[in-house]
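Note that ligands are numbered from 1 as they come in the structure, with each ligand's atoms numbered from 1 the same way. The residues of the chain are indexed from 1 along the displayed sequence.
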Amino acid sequence: MKTETIAIHGGNAVTDSLKPVIQPITLSSTYEHQEESMLYGRLENPNRKSLEHVMAALEKGLDAAAFASGNAAANAVFQALPAGAHIIAPDDMYHGLKSLLETVYKDKLKVDFINLTEPALVEAAICPDTRLLWIESPSNPLLKISDINRLSAIAHNRDLTVVVDNTFASPIFQQPLLAGADLVMHSNTKYIGGHSDIIGGILITGEINAFWKRIKAVQQLAGAVPSPFDTYFLTRSIKTLPYRMKAHAANAGKIARFLIQHPSVEKVYYPGLETHEGHAIASSQMQGFGGMLSFVPKGNARDADRFIAHLNYFTNATSLGGVESLIERRSRIQGVSEGIPEQLIRMSVGLENPEDLLEDLEKGLKLLQ
Ligand SMILES: *Cc1c(COP(=O)(O)O)cnc(C)c1O
């Protein structure tokens, strides 16, 4: 099966003798004891199984474990590590995961946040306790590109597990397991759900090994599992994921090229631009550049806020990956830090007609001249 066919037929496991075309939602928390059956809803559920199946197929993996949020998925990886383990994580890491490591795991794990675009820095940071390399590419919010192939080779040389947060790319544009990663993580809240109405997360593995079995134990015993409703709607959304991603990327590419030539814009971060630092690597490891971009407008934070308030089709809200365009001044969420100027604007480009989006941005940017 090719990608679009997997997206439609890879989930949707119909076992009902009435043969409905679409898999029903199984709400039952328990099952009658028999030879071939499920046991209990925390351990497994038919709708969850379908979601795990289609995501494993799209990521070219062997198995998947779905969770109640992206953070819960990442948390299962951290929980599966031995106490005192050292992790190498990206300096431009999704802020919610960075906070998780810095608060909940403060006394349990050691973390170094490294610029992963410089593989030599990663190699130098590996110590005897290092167990895990966490990659996020493209990263949030600076759209940094890490060389998954090269970093995986360095990590495997020292027996580390490599995890890639593939949320921004989606499995349509990037399959990290094929580039050497061991695990892939997604916030299903974003492109997988695609309609800004579900919180969810998932891990996919390329191998069934002892570490994966520990992660499955965290899923089933710690029990941060998604509901049958959520997993049903995620499997439903995935049917259109390949087409949504192509349209998100086409719209984002148009907006990036419009912004970069605009006199009121100082800098644009989009891996599809030839001027982006990671463009060559992105071109070799991605099949599309995604729907996320950031840019620095002329002026200060107040000017950036005025620009955002003036827009009609971009809602001033955090999160990403839905059909509607969202925009925000990123430091409102994660504060000002190195490399993230206070006027940096992050945009999740939706599926509106690109001409309407460009016209809206043009009008807004006039305020800054
Ligand atoms: C949103 C997001 C997460 C966390 O996912 P939740 O579903 O909000 O828990 C992790 N990584 C990235 C890149 C994200 O965008």
I'd like the atom pairs linking ligand 1 to the protein - N or O on both sides, separation under 3.5 Å - with distances to 0.1 Å.
residue: ligand 1; atom: 5 (O); partner: Ser187; partner atom: OG; Å: 3.0
residue: ligand 1; atom: 7 (O); partner: Gly70; partner atom: N; Å: 2.9
residue: ligand 1; atom: 7 (O); partner: Ser187; partner atom: OG; Å: 2.8
residue: ligand 1; atom: 7 (O); partner: Thr189; partner atom: OG1; Å: 2.6
residue: ligand 1; atom: 9 (O); partner: Gly70; partner atom: N; Å: 3.0
residue: ligand 1; atom: 9 (O); partner: Asn71; partner atom: N; Å: 2.8
residue: ligand 1; atom: 11 (N); partner: Asp165; partner atom: OD2; Å: 2.7
residue: ligand 1; atom: 15 (O); partner: Lys190; partner atom: NZ; Å: 2.7

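- Between Phe113 and Trp134, the ring center distance fails the sub-6.0 Å criterion.
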Trace of the ring pair (Phe, Tyr, Trp, His ring centres under 6.0 Å) decision for Phe289 with His276: CA-CA 11 Å; Phe289 301 107; His276 186 282; 9.0 Å; no
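- Atom CZ of Arg329 has more than 12 neighbouring heavy atoms from other residues, nucleotides or ligands inside a 6.0 Å radius.
- The pair Asp159-Arg131 does not count as a salt bridge, with every side-chain nitrogen at least 4.0 angstrom from each carboxylate oxygen.
- A 6.0 Å sphere centred on NE2 of His53 holds no more than 12 heavy atoms belonging to other residues, nucleotides or ligands.
- A distance below 6.0 Å separates the ring centres of Tyr191 and His248.
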